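Input: a single structure, listed below in structure tokens.
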Amino acid sequence: MSSAARRPQLPAGFFDKDVETVARALIGITLLIDGVGGIIVETEAYDEDDPASHSFRGPTARNASMFGPPGHAYVYRSHGIHWCLNFVSRAVSGVLIRALEPTAGLDAMASRRATGEIRRLSAGPGRLCQALGIDKRLDGRSLAQPPFELSGGDQTVRITAGPRIGISRAIDTPWRFCLEGSRFLSRPAPRMSDG
DNA sequence: GAGGCGATTGGCT
DNA sequence: GCCAATCGCCTCG
């Protein structure tokens, strides 16, 4: 393994923290699935006592992964059509991965998405999963094992926070986090309300 | 068991 | 901006 260009892996215990901390820490991290992916630029946090979270009304077959150990994936189907990827953190929680800046395997992403428009390859949770080939098979899988590869986090990034998107409960909780200035967000950045 | 709704997206008015 | 697509889960009866 070449050393210089290799990004550092995430430290042990990265996901064993409260969900808001993890959601913020994930901004700027590189996510690859079988070598395809990019830099995480947008996340949302969903906590245990959060009325907007799938876990709010207790465990079901769908949300079982959220009740499992940190550092695993929770993948669910949205609106019967799309897949959405979450990272489980401490306790019953999940970080929704909403957008990536594509950096690796752009050909594969464009092929799966049937578009060459880079800015829309993985801007949005459903688009991201389509571009990276994510589906139910990855639900419950460890993020420390292939096909997942997470790295980076060595550099400081500026983050903006705002309300989460597309929910009807707890709509004012500012748990959507974005990389400041990114052109690869699913929606316009929230008004700068955070550092 | 029936009816409604959703952490979305793409296409049309 | 509005709405359909499509299916698993929730609520109510």
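Computed from a predicted model, the values in this text were never measured in an experiment. In what follows, chains are A, B, ... by sequence order, proteins preceding strands, each numbered from 1. Computation of the quantities below employed the complete heavy-atom set of this structure, encompassing side-chain atoms and omitting hydrogens, waters and symmetry-equivalent molecules.
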Please state how far atom [atom1] in [X] lies from atom [atom2] in [N], giving the value in whole angstrom units.
X       : N      : atom1 : atom2 : answer
R187(A) : dT9(B) : CZ    : P     : 8 Å
I81(A)  : dA7(B) : CD1   : C1'   : 15 Å
H82(A)  : dC7(C) : NE2   : P     : 12 Å
H79(A)  : dG6(B) : NE2   : P     : 7 Å
W175(A) : dA7(B) : CH2   : P     : 16 Å
R164(A) : dA7(B) : CZ    : P     : 10 Å
W83(A)  : dT6(C) : CH2   : C1'   : 12 Å
I165(A) : dG6(B) : CD1   : P     : 16 Å

- Using a cut-off of strictly less than 4.0 Å between a heavy atom of the residue and any atom of DNA chain B, enumerate the qualifying residues of residues 50-73 of chain A by number. A52(A), S53(A), H54(A), M66(A)
- Please work out which residues in residues 118-135 of chain A have a non-hydrogen atom less than 4.0 Å from an atom of DNA chain B and list them by number. G124(A), P125(A), G126(A), R127(A)
- Is any NZ, NE, NH1 or NH2 atom of the basic residue among D18(A) and R90(A) found under 4.0 Å from an Asp or Glu carboxylate oxygen of the other? no
- Got a salt bridge between D50(A) and R164(A), using NZ or NE/NH1/NH2 to carboxylate O under 4.0 Å? yes
- Message: Applying a 4.0 Å non-hydrogen cut-off, can you work out what S168(A) is touching in the nucleic acid: base, sugar-phosphate, or nothing?
- Response: sugar-phosphate
- Which part of the nucleic acid, if any, lies within contact of L96(A), taking any heavy atom under 4.0 Å across all strands shown: a base, the sugar-phosphate backbone alone, or nothing? base
Looking at [X] and [Y], would you say the former's side chain and the latter's main chain have a donor-acceptor pair under 3.5 Å?
X       : Y       : result
E42(A)  : F177(A) : no
S65(A)  : D139(A) : no
N63(A)  : H54(A)  : yes
R113(A) : R120(A) : yes
S122(A) : L100(A) : yes

- Please walk me through it: do F184(A) and R119(A) pass side chain to side chain contact (heavy atoms under 4.5 Å, CB included)? CA-CA 5 Å; F184(A) 300 92; R119(A) 283 184 59 169; 4.2 Å; yes
- Task: Flag yes if more than 12 heavy atoms outside R187(A) fall under 6.0 Å of its CZ atom; otherwise flag no.
- Result: no
- Note on the structure: To the nearest 0.5 Å, atom NZ of K136(A) lies from atom CH2 of W83(A) at 6.0 Å
- If you measure from CG on L32(A) to OG1 on T103(A), what distance do you get to the nearest 0.5 Å? 6.0 Å
- Take L121(A) and T115(A) through the test side chain to side chain contact (heavy atoms under 4.5 Å, CB included) and record every step on the way to the result. CA-CA 7 Å; L121(A) 277 184; T115(A) 176; 4.1 Å; yes
- Query: Do we see Y76(A) stacking on the base of dA7(B), given a limit of 5.5 Å between centres and 30° between planes?
  - Reply: no
- Item | Stems formed with participation of DNA chain C [Watson-Crick or G-U wobble, under 3.5 Å, three or more pairs] | B:1-6 with C:7-12, B:8-12 with C:1-5
- Item | Under 4.0 angstrom between R113(A) side-chain N/O and dG10(B) OP1 or OP2 | yes
